[in-house]
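One structure is given here, and the rest of the page talks about it.
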Amino acid sequence: MIDAPFSRRTFLLGATACLTAGAGALSVRAEAPAPLAFRSRRTAYAFGADGGSGESTEADGAMTEGLVSFLDNAPPPIIRLRQNTPALLQITNGLEEYTTIHWHGIRLPNAMDGVPYLTQLPMAQDETFTYAFTPPDAGTFWYHPHCMTLDQMAFGLTGLLIVDEPEDLGFDDEVALNLKDFRLDAEGQLLPAFTPKGAARAGTLGALRTANWAVAPTVPVPTGGLVRLRIAATDTTRIYRLILPGLEGRVIAWDGHPVREAVAWPSEEAPLVLGPGQRVDLAVRLPASEGVEVTVTDFGGARRTPLATLRTVGSPTKRDLRDLARLTPANLAEPDLAGAQTMEFVFGWTPDGNGQNNGFCGAYGYTFWSINRTPWAGDAEAAIAPLAELKLGKSYILRLRNESPNAHPIHLHGLAFLPIASNQRTLPKNWTDTLMLLKGETVEIALVADNPGDWAFHCHIIEHQKTGLAGFIRVT
């Protein structure tokens, strides 16, 4: 850790001024625990019910041009690592614009966090950055750009990062669902990801909902078997309210960590709310008859939107949820609530609408949102103070107050925290990195500042982030 963070930031800004942009594709190569190789690019894709085959009623089966992926004509792949095993991921940027990659939810060294100017220089065309870290937690995580964030995420570059446990938990199969919207016109081509009206409110929704870039796909699963269902909301905006009618199971992990307090099974009375950036792991027992279909559904009151269907295939098995091994509890320091210092954070609307200077990482010309009544001045601004300074190893309570008319999924990089109190609801005290902060809600979260560095702290509705609702917390 450099003792003078502003000197480091000034150096990064000065060095970036020497870079130039070009054209091409984005590629990634990952090594350890096993060699992996991906070649990424701008690509085209026909959204359909079977991973691209078939027709979409929204886009009429058209090939959508200009998507961003790590594969040709396919969604970004799942990257699999192993807990406590060193990983090496080498990213080469060949896009016309700058980029970085952030490994959402992973507790890693600050220099590997992928936040432009705060932890690294943004990468121009043909530049390479190697991310090296050892994931301490097993669970469901994901990756996405943190420079030109809105466009690159909206146009497809969101992928799951799964860190496997060293032991076999007893599942028969696994299904991973990457939930994401796309904004397409009548010809099936990408619309701009950003609208000022949307950014000033709940965000700009896409009309085409997908799971793994497919429209309501059907996934074969073993009849009567036990399946680990991983669901990640990687959209830039949409908040999901999930129900799973016809499925028996339990919630086993939340945002990459095993649950310590039970989370209610999703129902129409209590849908499972999953905001942008959040993930959930479910252990499900499939129906014992072959050919039965059960659907993961987004439940919006009278409107139900199917997201993906599980269809039982094969000879029946007689599995029981009690056959599964319990997940090993997360190895995280417990906050000392009695001795913790409390810090206040206010999330609000900033109607002034002044423009931002975001350097090479996207400028949108508006500042609708703020933290502690100060909007983020832009990624490339040098003289930005941290929202708070935390001492390494100390316990803190962060009081998050939402004074805006909209909900915000608040994400803290590099650290995990526990929700401990809300003025509106009872929150299970489960480790997380992303919290849905409701309209008018005040939530207290607790953490131990056990990872040194400058950690981004922002709303994961990306339009909110890029128009002011962002900052960073310093741990020294």
Side-chain angles (χ1 to χ4, degrees), residues 5-6 9 102 115-118 146-150 153 193-204 236-237 239 275-277 342-359 361-390 396-415 417 422-424 433-445 447 454-475:
F6 282 134
R9 191 175 178 87
H102 168 58
V115 180
Y117 305 103
L118 196 64
H146 227 281
C147 179
M148 304 303 297
T149 316
L150 182 57
M153 281 184 60
F194 170 87
T195 66
K197 181 179 179 180
R201 298 180 182 179
T204 305
T236 59
T237 297
I239 298 169
T342 298
M343 295 183 168
E344 304 274 350
F345 298 86
V346 177
F347 302 89
W349 195 40
T350 304
D352 318 45
N354 296 325
Q356 286 181 289
N357 171 21
N358 278 287
C361 285
Y364 295 96
Y366 303 92
T367 52
F368 296 121
W369 303 96
S370 65
I371 301 180
N372 291 344
R373 299 183 175 85
T374 301
W376 179 245
D379 296 329
E381 289 292 319
I384 301 177
L387 295 166
E389 296 194 43
L390 281 54
Y396 293 88
I397 294 173
L398 310 184
R399 184 174 293 129
L400 316 181
R401 186 167 78 252
N402 186 5
E403 293 185 345
S404 81
N406 298 103
H408 301 287
I410 303 300
H411 175 48
L412 176 59
H413 290 213
L415 301 164
F417 58 84
S422 165
N423 66 341
Q424 293 189 12
D433 52 72
T434 308
L435 173 80
M436 279 300 306
L437 190 61
L438 306 179
K439 175 183 176 181
E441 186 177 32
T442 298
V443 173
E444 291 185 348
I445 64 175
L447 58 84
D454 288 347
W455 299 109
F457 190 40
H458 62 88
C459 177
H460 227 285
I461 293 175
I462 304 302
E463 287 160 278
H464 294 177
Q465 173 198 343
K466 297 299 288 187
T467 58
L469 212 162
F472 68 97
I473 290 175
R474 177 166 294 155
V475 178

Query raised in the report: Ring centres of Tyr366 and Phe368 under 6.0 Å apart?
Result: yes
Report task. Kindly say whether Val346 contributes a backbone atom to a donor-acceptor pair with the side chain of Asn372 at under 3.5 angstrom? Result -> yes
Query raised in the report: Are the aromatic ring centres of His458 and His413 under 6.0 angstrom apart?
Result: yes
Requested in this report: Output all residues satisfying ring-ring contact (aromatic ring centres under 6.0 Å, His included) with Tyr396, sequence neighbours left out; order by chain, then residue number.
Outcome: none
Query raised in the report: Are any side-chain N or O atoms of His411 and backbone N or O atoms of Asp433, one a donor and one an acceptor, separated by less than 3.5 Å?
Result: yes
Query - Interatomic distance, Thr236 atom OG1 to Leu150 atom CG [nearest 0.5 angstrom] - result: 6.0 Å
Report task. Tell me yes or no: between the side chains of Glu463 and Thr237, is some donor less than 3.5 Å from an acceptor? Result -> yes
Query - Pair Thr367-Thr350, side-chain donor/acceptor within less than 3.5 Å - result: no
Query raised in the report: Counting N and O atoms only, with roles assigned by atom type, does the side chain of His464 sit under 3.5 Å from a partner on the main chain of Arg201, one being a donor and the other an acceptor?
Result: yes
Query raised in the report: For Leu438, does its backbone N or O pair with a side-chain atom of Glu441 as donor and acceptor, under 3.5 Å?
Result: yes
Query - Smallest separation among heavy atoms of Ala200 and Trp349, with atom names - result: O-NE1, 3.4 Å
Query - Ser404 backbone acceptor or donor facing Trp369 side chain under 3.5 Å - result: no
